[in-house]
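The next block holds one structure in the form of structure tokens; read it before the comments.
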Amino acid sequence: MSRPARITHRALQILCVSMFVWQIVFYLAHWSSLPEEPGIHFAPADTFDVYASKIYGFYPHIITLVVLVLDFVLTWVVGKEKLKLGLKITERGKGLFLASLVITLDITALFISGCFCCWVYAVSKQEASYNKAAISLIAILLTVLPAAVIFQCIVNAVCKEKTDRDAECPPEDKKKRILRFLLTGSAEKREPGSHRGLIRATSWVIVGMMTVIMLFILERLPKDDLADEYHGLAYFANFGGYYAKWLVMLPLIIAVALMAVFEVTGNIAKKRGSLPLTVMCDRFKLILAVFSAYWEIQLGSELPIGAASVMIFALLCLWAVVSFFISRRK
């Protein structure tokens with residue numbers, strides 16, 4: 001990265017770390033003035049909808065720490081070009097692309113940290129209305145991220161390396177390349193498995209983050225059990241009853257076991273040169289990670305796992321299998 005980009009990157013990370021330190025100091029400074037069971041979660045009507053032990057007030061700190069660790073790791077990986085992104089652009093364009101990607105990750109971490117700063121302030125002051133600022137920060141972030149993606153697509157298009165194939169490209173291929181660029185951000189056809197490192201990292205990061213979050217909130221389940229009548233149990237909306245609390249973690253347990261099998265199988269397939277099998281294993285890992293995380297959110301919120309998500313999961317798994325046989329036949 002260029003020197004200005006490195007300075008911006010370091011400045012944003014220092015701001016993120018400063019926010020994390022402020023969260024801890026500010027919350028501990030108000031610890032003694034809080035009731036034994038303060039409001040720790042917010043309802044849409046600017047009120048608290050969950051009251052629990054003060055220890056749960058550290059929830060924003062844990063999430064912020066996870067976000068910071070991910071930001072430091074991902075920006076280091078991208079900055080050191082540890083991931084093969086399949087870029088076919090000039091060196092100048094590559095520098096711009098990687099710098100914008102690193103700074104986008106930093107900005108995302110900054111806004112998320114800012115949201116949890118608002119959360120900490122609202123809990124420490126026991127004024128749920130202060131959390132309104134977090135919604136504004138999320139809205140700004142959702143505007144910044146598409147703008148960053150558009151910028152990276154423009155860099156990829158403007159700084160693309162010219163080849164003889166580009167000059168001799170027939171009109172039919174040019175239309176396909178334009179459509180591919182609009183859909184994927186790159187006019188070049190990607191080789192299967194070119195993003196294997198990114199897919200593997202994303203899959204395991206999702207599972208890791210959800211494991212930390214679920215272990216933290218597991219203790220307060222079931223959330224409406226004010227009389228402590230169902231201690232050690234959790235409510236499962238799909239079955240309309242209370243069952244052993246560890247069953248909430250079942251989607252993650254199954255997903256991690258299957259992902260480990262696919263990880264080993266994919267590595268063996270890669271060593272043997274079986275690209276279709278390698279790609280299928282990576283796709284299954286990403287599908288399992290995303291859907292197990294979604295189902296954990298549903299179970300942790302005491303909501304039912306809908307048939308729609310199960311059907312989409314099954315269709316994506318079927319697509320991965322069909323794609324494998326098509327690729328192997330080719």
Side-chain angles (χ1 to χ4, degrees), residues 8-35 37-76 102-146 148 202 205-221 223 293-294 296-298 300-301:
T8 304
H9 166 56
R10 295 303 177 197
L12 290 172
Q13 287 193 329
I14 290 171
L15 279 174
C16 290
V17 173
S18 301
M19 286 182 172
F20 175 66
V21 173
W22 178 88
Q23 289 178 15
I24 296 175
V25 172
F26 192 82
Y27 187 64
L28 291 177
H30 290 78
W31 178 273
S32 59
S33 63
L34 289 171
E37 291 193 348
I40 60 168
H41 195 271
F42 312 94
D46 294 333
T47 58
F48 290 106
D49 61 354
V50 175
Y51 291 84
S53 170
K54 288 192 287 187
I55 197 68
Y56 288 105
F58 287 105
Y59 169 80
H61 308 80
I62 293 175
I63 303 301
T64 303
L65 180 60
V66 171
V67 169
L68 291 182
V69 171
L70 287 174
D71 179 57
F72 274 81
V73 172
L74 292 176
T75 53
W76 180 82
V102 166
I103 291 173
T104 300
L105 290 170
D106 290 332
I107 290 174
T108 302
L110 182 70
F111 275 90
I112 293 175
S113 300
C115 289
F116 284 111
C117 282
C118 298
W119 191 319
V120 169
Y121 190 87
V123 171
S124 301
K125 294 288 188 179
Q126 283 298 281
E127 290 288 344
S129 59
Y130 285 123
N131 199 48
K132 284 182 177 179
I135 299 173
S136 301
L137 290 175
I138 292 172
I140 296 172
L141 179 61
L142 293 177
T143 304
V144 171
L145 290 180
T202 302
V205 165
I206 291 172
V207 168
M209 287 182 63
M210 282 309 305
T211 301
V212 172
I213 293 170
M214 291 307 299
L215 288 174
F216 187 74
I217 69 172
L218 197 63
E219 188 182 347
R220 71 176 182 86
L221 294 177
K223 63 182 181 181
Y294 174 73
E296 286 294 344
I297 292 171
Q298 294 296 99
S301 303

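Since this is a predicted model, take the numbers as computed values, not measurements. Any value given below was found using the heavy atoms of this structure, including those in side chains, with hydrogens, waters and symmetry copies removed.
- Looking only at side-chain heavy atoms (C-beta outward), T75 and Q13 come within less than 4.5 Å of each other.
- Rounding to the nearest 0.5 Å gives a distance of 11.0 Å between CD1 of I62 and CD of Q23.
- V207 and T211 make their closest contact through O-OG1, 2.8 Å (heavy atoms, listed as atom of the first residue, atom of the second, distance).
- Once rounded to the nearest 0.5 Å, the distance linking CD1 of I112 with SG of C117 reads 12.0 Å.
- With rounding to the nearest 0.5 angstrom, the CD1 atom of I24 is 9.0 Å from the OG1 atom of T64.
- Atom OG1 of residue T104 and atom CG of residue L12 lie 10.0 Å apart, to the nearest 0.5 angstrom.
- The minimum heavy-atom distance between F111 and L137, with the atom names listed, is CD2-O, 3.5 Å.
- Under the 4.5 Å side-chain criterion, counting only non-hydrogen atoms from C-beta, D106 is not in contact with C16.
- Judged purely by atom type and a 3.5 angstrom limit, Q126 has no side-chain atom pairing as donor or acceptor with the backbone of P38.
- S53 and E37 share no donor-acceptor pair across their side chains, judged by distance under 3.5 Å alone.
- Between the CD atom of E296 and the CE atom of M214 there is a distance of 4.5 Å, given to the nearest 0.5 Å.
- The ring-ring contact (aromatic ring centres under 6.0 Å, His included) test applied to F116 returns W119, not counting sequence neighbours.
- Side-chain atoms of V17 and F72, non-hydrogen and from C-beta on, do get closer than 4.5 Å to each other.
- Closest of all the heavy-atom pairs between I107 and V144 is CG2-CG1, 4.1 Å.
- Shown here are the ring-ring contact (aromatic ring centres under 6.0 Å, His included) partners of F26, two or more places apart in sequence or in another chain: W22, H30, Y121.
- For the pair Y27/K54, a side-chain contact is recorded, criterion being any heavy-atom separation below 4.5 Å from C-beta on.
- With rounding to the nearest 0.5 Å, the separation of CD1 in I55 from CD1 in I40 is 10.5 Å.
- When all heavy atoms are compared, the tightest approach of L68 to S113 is CD2-OG, 4.0 Å.
- Here L15 pairs with L110 under the side chain to side chain contact (heavy atoms under 4.5 Å, CB included) rule; sequence neighbours left out.
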